[in-house]
Amino acid sequence: MRSWGRDVRVAWAVRVLGLAGEHAGVWMAVGAAGAAADGGRRTAWLRATAVVGSAHLLSMGAKRVVRRPRPPRSGALVRTAGRHSFPSSHAASSAAAVTAFGALLPGTPVVPVLAAAICASRAVAGVHYPSDVVCGALLGAAAARAGRTWALGGGSRG
């Protein structure tokens, strides 16, 4: 996958996706925009955003426990906030966003497509092993699934 980054257009996209996914920023923005635009379900949007943020924090905590070093840096397309790779926090927050925001945006492919692109970009960038990405996505989806009932339960009062 790293060889795909040799294409200038792919490398540019990987850098943009890396920045967008840093600290779940793009997902926090999606949640805030949803809460602002959908007043009838504001509480559900805010709670779903909290679930995504929690999945991200959970993955960061797991990194501190596992402490797996990142792949060798030569040729990496992006800088990273930390030196540990397992699990991928970009993948955790992205999978959590698909799960948490899915019921609020039924039939909209934007979130799953963007999430998949962010996940793939981490291996292409050379800052994660594929197993980091897969395990991060599984962790994020599981965390969001656990919090989804709470998130959606507040939607009608919001």
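Since the structure is predicted, the reported quantities are computational estimates derived from the model, not experimental observations.
Minimum heavy-atom separation, Ile118 to Leu17: CG1-CD2, 3.8 Å. Nearest heavy atom pair, residue Val51 against residue Gly147, reads CG2-O, 3.6 Å. Across all non-hydrogen atoms, the minimal contact from Ala32 to Thr49 is N-OG1, 4.3 Å. What you find for Ala24 and His56 is that their closest heavy atoms are N-CE1, 3.9 Å. When all heavy atoms of Pro106 and Ala103 are compared, the closest pair comes out as CD-O, 3.5 Å. The shortest heavy-atom contact between Ala48 and Leu104 is CB-CD1, 4.0 Å.
Within a 6.0 Å radius of CZ in Arg68, more than 12 heavy atoms belonging to other residues, nucleotides or ligands are found.
Within the model, atoms NE2 of His23 and CG of Leu57 stand 10.5 Å from one another, a figure rounded to the nearest 0.5 Å. Residue Cys119 holds its SG atom at 10.0 Å from NE2 of His128, rounded to the nearest 0.5 Å. In this structure, OG on Ser93 lies 12.0 Å from CG on Leu58, to the nearest 0.5 angstrom. Taken to the nearest 0.5 Å, the CZ atom of Arg15 stands 11.5 Å off from the OG atom of Ser121.
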Exercise for the section: Determine, step by step, whether Leu105 and Val110 satisfy the side chain to side chain contact (heavy atoms under 4.5 Å, CB included) criterion, reporting the C-alpha distance in whole Å, the side-chain angles of both residues, the deciding distance to 0.1 Å, and the verdict. Expected result: CA-CA 9 Å; Leu105 295 168; Val110 173; over 6 Å; no
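Hydrophobic clustering (side-chain heavy atoms under 4.5 Å, transitive across Ile, Leu, Val, Met, Phe, Trp, Tyr) groups Met28 together with Val30. Two different hydrophobic clusters hold Phe86 and Leu139 under the rule that ILVMFWY side chains link at heavy-atom gaps under 4.5 Å.
Other members of the hydrophobic cluster containing Val134, listed by chain and number, are Leu138; membership follows side-chain contacts under 4.5 Å among ILVMFWY residues, whether direct or relayed.
Sorted by first and then second residue, the pairs that involve residues 27-54 and meet ring-ring contact (aromatic ring centres under 6.0 Å, His included), not counting sequence neighbours, are Trp45-Phe101.
Arg47 contributes a side-chain N or O that, together with a main-chain N or O of Trp150, makes up a donor-acceptor pair within less than 3.5 Å. Judged by distance alone, with hydrogens and angles left aside, the side-chain atoms of Arg122 form no donor-acceptor pair with the main-chain N or O of Ala91 at under 3.5 Å.
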